[in-house]
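Below is one structure; the comments refer to it alone.
Computed from a prediction, not measured in an experiment: that's the story for all the values here. Proteins come first, then strands; the chains are lettered A, B, ... in the order of their sequence lines, and each starts at number 1.
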Protein chains: 2
Amino acid sequence: MSGTPTLHAGAAPLAYGERMPTIADVAREAGVAPSTVSYVLSGKRTISAETRARVEAGIARLGYRPNAGARALASASTKIVGLVVPLRTDVNVPVIMQFVAAITVECRRHDYDVLLLTRDEGPEAVSRVVQGSMADAIIVMDVEADEPRLESLRGTGFPVVLIGVPDSPGEFACVDLDFAAAAQLCVERLAELGHTHISLLGATPAVYDRGTSYALRFRAGFEEASRSLGVSGSVHAVGAGHHEVESVVDRLLREEPEVTGLVVHNEAALSPLLQALRVCGHEVPGGMSVVALCPDDIAETQAVPLDAVSIPANDVGRRAVELAMSQLRGEAVEQELLPPHLTVRGSAVPPRRG
Amino acid sequence: MSGTPTLHAGAAPLAYGERMPTIADVAREAGVAPSTVSYVLSGKRTISAETRARVEAGIARLGYRPNAGARALASASTKIVGLVVPLRTDVNVPVIMQFVAAITVECRRHDYDVLLLTRDEGPEAVSRVVQGSMADAIIVMDVEADEPRLESLRGTGFPVVLIGVPDSPGEFACVDLDFAAAAQLCVERLAELGHTHISLLGATPAVYDRGTSYALRFRAGFEEASRSLGVSGSVHAVGAGHHEVESVVDRLLREEPEVTGLVVHNEAALSPLLQALRVCGHEVPGGMSVVALCPDDIAETQAVPLDAVSIPANDVGRRAVELAMSQLRGEAVEQELLPPHLTVRGSAVPPRRG
DNA sequence: GGAAGTTGTCGAAGCGCTTCGACTGTGACA
DNA sequence: TGTCACAGTCGAAGCGCTTCGACAACTTCC
């Protein structure tokens with residue numbers, strides 16, 4: 001119907017169900033072929049400034065957005081990253097949230113969206129997403145030493161990034177804080193101040209039982225550092241809840257009165273721990289030195305600001321996404337441990353002469 | 001090439017990049033038409049038991065999974081729910097995580113996956129997902145009184161469920177705990193015990209400034225209940241961190257010494273609050289009665305187990321998904337406030353005679 | 001014993017996009 | 001002035017699935 005003037009409602013909010021504008025509509029609107037619109041959008045072929053302007057005007061006028069499914073089908077790329085998150089309401093939920101936030105933000109920067117997968121769904125979720133082509137890459141948090149969710153992906157070359165390091169990472173990209181080095185830093189700090197008896201108060205027993213990668217690596221680093229620095233050390237898992245913490249503290253002070261320094265790897269236990277120590281007459285730092293592994297904001301807002309190795313959730317999350325993107329570009333798989341940093345805030349001092 | 005025997009590798013893990021089996025492959029394998037395979041999968045037409053068996057065997061042998069993009073394109077349904085989550089590392093992160101977990105699990109029960117959207121992305125994220133047909137429905141957490149993210153959806157009929165209640169929900173489905181009734185329950189509990197001066201220690205100031213729906217409704221309910229029960233009440237926002245909490249407690253005890261009961265709507269403040277009260281000689285419950293609004297596990301693991309109205313994250317999350325599903329079935333939009341329940345654990349007792 | 005269902009299957013037409021090859025001008029170069 | 005290269009555009013062929021209409025082959029029922 002050339003010659004017939006076309007009326008347009010402008011980019012008025014189109015009612016749902018009302019047919020969304022397609023690339024063909026835009027093409028008609030701009031007087032070009034659909035493929036030309038596609039090339040304007042993707043930039044994969046040169047387009048004259050004039051044509052581009054007309055197409056862009058059409059897009060704006062119609063309020064056009066490419067259909068994600070059609071795009072995925074035609075291009076074999078979904079622009080979606082699958083993220084396997086531990087959703088159990090465990091101890092370190094805020095930390096997990098920081099990771100998720102960092103990953104999501106970074107994905108958006110690369111024009112990717114995030115599909116949420118729970119680790120409780122197990123291996124099934126991963127293969128559903130991969131085999132159904134629902135995502136272009138997968139990031140797995142809270143990796144265990146022996147990682148069952150990934151068996152189906154071994155040898156497939158599908159882009160995977162692990163946050164944490166399993167026993168045999170093999171072909172998978174990994175990124176995480178260097179927890180072993182972090183533990184060493186904590187022990188060193190206390191040892192330098194003159195402490196010779198140091199205990200690790202760790203995560204809940206379940207975390208160790210499950211073989212959670214980072215907890216094991218921190219514990220191993222603690223034991224290794226204690227040995228090499230010649231200090232005596234003990235390790236205690238700490239359950240959730242005020243009374244759990246109190247009972248661990250009671251037992252520790254009773255059975256190992258020589259302990260003057262604590263390394264704490266359990267965000268949730270920090271606050272009740274400080275309180276329990278105070279009640280028992282071992283106020284921090286005078287009666288007990290404490291070095292923690294926790295996010296900065298938690299270390300800062302305790303009753304006593306804590307010397308702590310921070311958990312660089314933002315850096316790790318960002319790096320994880322970058323590793324995924326580099327695999328999508330076909331680059332080689334990397335494994336990367338971020339160096340720890342300890343911030344001194346005053347919760348560790350030389351031990352009382354005894 | 002009929003007559004040529006076909007060799008199959010079985011459901012061996014197919015290398016990524018190696019062409020995934022399609023519905024046509026399954027059809028060939030089973031000796032039927034592709035549409036027949038589709039009908040076996042969807043159950044939308046009757047299929048003989050024999051044919052079904054052959055098709056299912058083919059699916060198993062090839063390890064076939066329908067391609068999500070193709071399916072979305074052809075059926076105009078993605079089997080994905082968009083979930084807008086507040087990812088700021090705010091106070092009540094564990095609670096948010098509970099909601100997310102409940103929603104995700106319930107979505108999976110309905111064979112839906114969850115696309116994670118951050119509220120920091122604002123309205124853009126919502127329209128990207130809706131207009132790009134990336135999801136069939138959207139659930140929005142952490143709704144504000146004046147909800148800007150949803151303007152683009154008004155009048156479109158796109159399925160939306162809000163967790164929380166904005167000033168003008170209009171056409172949108174809503175579900176949440178009845179925070180006003182919850183506040184009333186807390187005040188009633190203290191009033192029945194004989195308290196006549198009650199303070200609300202609430203969320204961080206930012207939460208109120210932002211107009212967060214649930215915080216405002218709780219505060220309004222508190223004020224209304226205080227008035228109607230004839231008790232005097234005051235309201236204090238409480239910032240994050242130990243020292244913030246201490247300073248609020250100091251000021252409260254100094255400026256309103258008549259207060260004998262506290263209603264606390266701030267999970268993160270609970271532990272430092274109890275500690276601060278003890279330090280000031282107002283041990284709970286003898287020197288100060290406390291009723292909280294928080295998840296059960298938090299109430300239980302405090303130094304003093306708390307009388308608390310629980311936050312039924314699981315129920316709300318599940319209900320939100322159900323409301324989304326019912327909209328997808330074309331049913332009417334509902335708005336629903338869940339009744340609060342108070343569990344007595346001993347942190348509130350009659351005030352000292354004074 | 002033919003009309004009128006049922007039941008089970010097939011073929012083909014899309015869904016909205018990307019991408020490949022082909023085609024038309026145009027300017028550069030010899 | 002003929003030849004090449006290249007910028008700019010188009011048309012058509014899929015991507016893998018769903019779904020509609022058609023159509024055999026059986027049943028049923030008067």
Taking only Lys NZ, Arg NE, NH1 and NH2, and the carboxylate oxygens of Asp or Glu, determine whether [X] and [Y] approach each other closer than 4.0 Å.
{"X": "B:D113", "Y": "B:R108", "answer": "yes"}
{"X": "B:E144", "Y": "B:R119", "answer": "yes"}
{"X": "B:E124", "Y": "B:R128", "answer": "yes"}

Send over the distance from [X] [atom1] to [N] [atom2], rounded to a whole Å.
{"X": "B:Q131", "N": "C:dG16", "atom1": "CD", "atom2": "P", "value": "15 Å"}
{"X": "B:N67", "N": "D:dG16", "atom1": "CG", "atom2": "C1'", "value": "6 Å"}
{"X": "A:L62", "N": "C:dG16", "atom1": "CG", "atom2": "P", "value": "14 Å"}
{"X": "A:M134", "N": "D:dG16", "atom1": "CE", "atom2": "C1'", "value": "15 Å"}
{"X": "A:L41", "N": "C:dT19", "atom1": "CG", "atom2": "P", "value": "12 Å"}
{"X": "B:I59", "N": "D:dC17", "atom1": "CD1", "atom2": "C1'", "value": "13 Å"}
{"X": "B:M20", "N": "D:dC17", "atom1": "CE", "atom2": "P", "value": "11 Å"}

Open item on the list: The criterion is side chain to side chain contact (heavy atoms under 4.5 Å, CB included); which residues satisfy it with A:E56, sequence neighbours excluded?
Closed with: A:V40, A:R52
- [ ] At under 4.0 Å between heavy atoms, which parts of nucleotides 9-15 of chain D does protein reach? Answer with one letter per nucleotide, 5' to 3': B base, S sugar-phosphate only, - none.
- [x] BBBB-BB
TODO: Would you tell me whether B:S127 and A:R65 have side-chain atoms, one donor and one acceptor, within less than 3.5 Å of each other?
DONE: yes
Open item on the list: Is it the case that the side chains of B:T51 and B:S48 hold a donor-acceptor pair, with the cut-off being a distance below 3.5 Å and no angle test?
Closed with: yes
- [ ] Would you tell me if any nitrogen or oxygen in the side chain of A:K44 comes within less than 4.0 Å of OP1 or OP2 on C:dT19?
- [x] yes
